[in-house]
K.L.:
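Attaching a single structure in structure tokens format; questions to follow.
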Amino acid sequence: MSDPVPSARTEAPVDPLFTHPASPFERTNPPSSVAFPSPPSLGMQTTFITPMATWTAYKTQIQFGFAILAYLMVLVGSVTAVSANASASWRYWVAVLPVLPAGVVVWLVVRQLGRLDEVQKRTQMQAIGFSLAATGLVTFAYGFVEGAGLPRLSATLVLPLMALFWFVGLTALYLRARIRR
């Protein structure tokens with residue numbers, strides 16, 4: 001007679017190809033959890049130590065920021081001291097003190113220009129050349145109309161004018177390069 005429970009094991013059916021784990025028809029399952037525990041967390045403890053990578057990546061910007069801050073601090077102190085002691089014999093020396101941190105700013109800018117690659121150097125030199133020529137042209141023209149009766153302008157306006165023309169030159173070169181692409 002036949003036994004209702006067969007004693008021979010039946011083999012599992014062969015899976016079709018679309019059930020294979022690499023099949024696009026099956027979702028990828030997340031990896032199983034690791035048997036090792038996670039490292040202990042520091043909790044809400046904060047640290048004030050900045051990583052060295054931050055200093056390395058932003059060193060020039062940090063130095064530039066400190067140099068500008070030093071310039072502004074010396075400038076405010078110099079103007080305050082000179083205005084409070086208008087008749088002192090040392091007022092000229094104190095009035096010139098902001099030139100020292102401004103010299104540090106110039107040194108940082110020149111050092112950073114030396115670190116640029118050839119394309120960036122060429123772009124900067126073209127923008128600086130445009131700035132120099134445009135500033136010269138504007139100040140030369142204003143010198144003529146000054147003789148015709150316009151008021152005299154301070155020489156301290158030349159550097160901001162050069163910076164403005166440098167920015168205009170860089171923007172024009174950037175836009176020209178974008179249009180050519």
Side-chain angles (χ1 to χ4, degrees), residues 22 24 27-28 30-31 38-39 41-42 44-83 92-181:
R27 289 186 168 222
T28 306
S38 298
S41 65
L42 296 176
M44 299 307 275
Q45 180 183 8
T46 58
T47 179
F48 294 103
I49 301 173
T50 56
M52 196 63 183
T54 303
W55 169 254
T56 304
Y58 299 106
K59 181 171 82 171
T60 302
Q61 289 90 340
I62 292 169
Q63 290 173 341
F64 186 78
F66 280 139
I68 291 292
L69 182 66
Y71 167 74
L72 292 174
M73 291 171 64
V74 172
L75 179 67
V76 168
S78 171
V79 168
T80 304
V82 168
S83 64
Y92 298 112
W93 294 105
V94 173
V96 178
L97 278 180
V99 172
L100 295 175
V104 173
V105 170
V106 169
W107 175 71
L108 288 170
V109 168
V110 170
R111 185 179 72 173
Q112 189 60 27
L113 283 173
R115 293 177 176 173
L116 297 176
D117 67 7
E118 287 78 18
V119 174
Q120 291 171 329
K121 280 183 185 178
R122 181 174 178 234
T123 303
Q124 290 293 332
M125 289 309 298
Q126 285 176 335
I128 291 170
F130 170 75
S131 172
L132 178 69
T135 302
L137 187 64
V138 167
T139 55
F140 192 63
Y142 193 82
F144 286 127
V145 294
E146 204 176 71
L150 282 180
R152 292 188 58 92
L153 290 180
S154 174
T156 59
L157 296 175
V158 173
L159 186 61
L161 187 64
M162 287 185 87
L164 174 71
F165 282 131
W166 169 77
F167 179 74
V168 168
L170 272 183
T171 304
L173 289 170
Y174 174 76
L175 291 175
R176 187 179 79 178
R178 289 301 242 176
I179 291 172
R180 286 187 179 178
R181 286 185 188 172

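All figures in this text were calculated on a predicted structure; none of them were measured in a lab.
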K.L.:
How long is the gap from CG on Leu164 to OG1 on Thr135, to the nearest 0.5 Å?
P.N.:
8.0 Å
K.L.:
Closest approach of Tyr142 and Pro151, non-hydrogen atoms and distance?
P.N.:
OH-O, 2.7 Å
K.L.:
State the CE-CD distance between Met125 and Glu118, to the nearest 0.5 angstrom.
P.N.:
14.0 Å
K.L.:
Are Arg111 and Gln63 side-chain neighbours, meaning at least one heavy-atom pair lies under 4.5 Å?
P.N.:
yes
K.L.:
Less than 4.5 Å apart, any side-chain heavy atom of Leu170 and any of Gln124?
P.N.:
yes
K.L.:
Would you say that more than 12 heavy atoms from the other residues, nucleotides or ligands in this model lie under 6.0 Å from the CZ of Arg115, or not?
P.N.:
yes
K.L.:
Quick check: closest heavy atoms across Glu146 and Leu153, and the distance to 0.1 Å?
P.N.:
OE2-N, 3.5 Å
K.L.:
Distance check, rounded to the nearest 0.5 Å: Ser131 atom OG versus Leu161 atom CG?
P.N.:
7.5 Å
K.L.:
Flag the pair Val168 / Phe130 as yes when at least one side-chain heavy-atom distance between them is below 4.5 Å, and no otherwise.
P.N.:
yes
K.L.:
For residues 67-81, dump all side-chain donor-acceptor pairs below 3.5 Å to protein atoms at least two apart in sequence or in another chain.
P.N.:
from	atom 1	to	atom 2	distance (Å)
Ser78	OG	Val94	O	2.6
Thr80	OG1	Val76	O	2.7

K.L.:
Are Leu108 and Thr60 packed together at the side-chain level, in the sense that at least one heavy-atom pair is separated by less than 4.5 angstrom?
P.N.:
no
K.L.:
Less than 4.5 Å apart, any side-chain heavy atom of Lys121 and any of Leu113?
P.N.:
no
K.L.:
Kindly indicate whether the side chain of Leu97, heavy atoms from C-beta on, has any atom under 4.5 Å from the side chain of Trp93.
P.N.:
no
K.L.:
Work out which heavy atom in Gly169 is nearest to a heavy atom in Ala127; give both atom names and the distance.
P.N.:
C-CB, 4.1 Å
K.L.:
With a 4.5 Å limit on heavy-atom distance, are the side chains of Tyr174 and Thr123 in contact?
P.N.:
no
K.L.:
Measuring only between side-chain heavy atoms, which start at C-beta, is Arg176 closer than 4.5 Å to Leu173?
P.N.:
yes
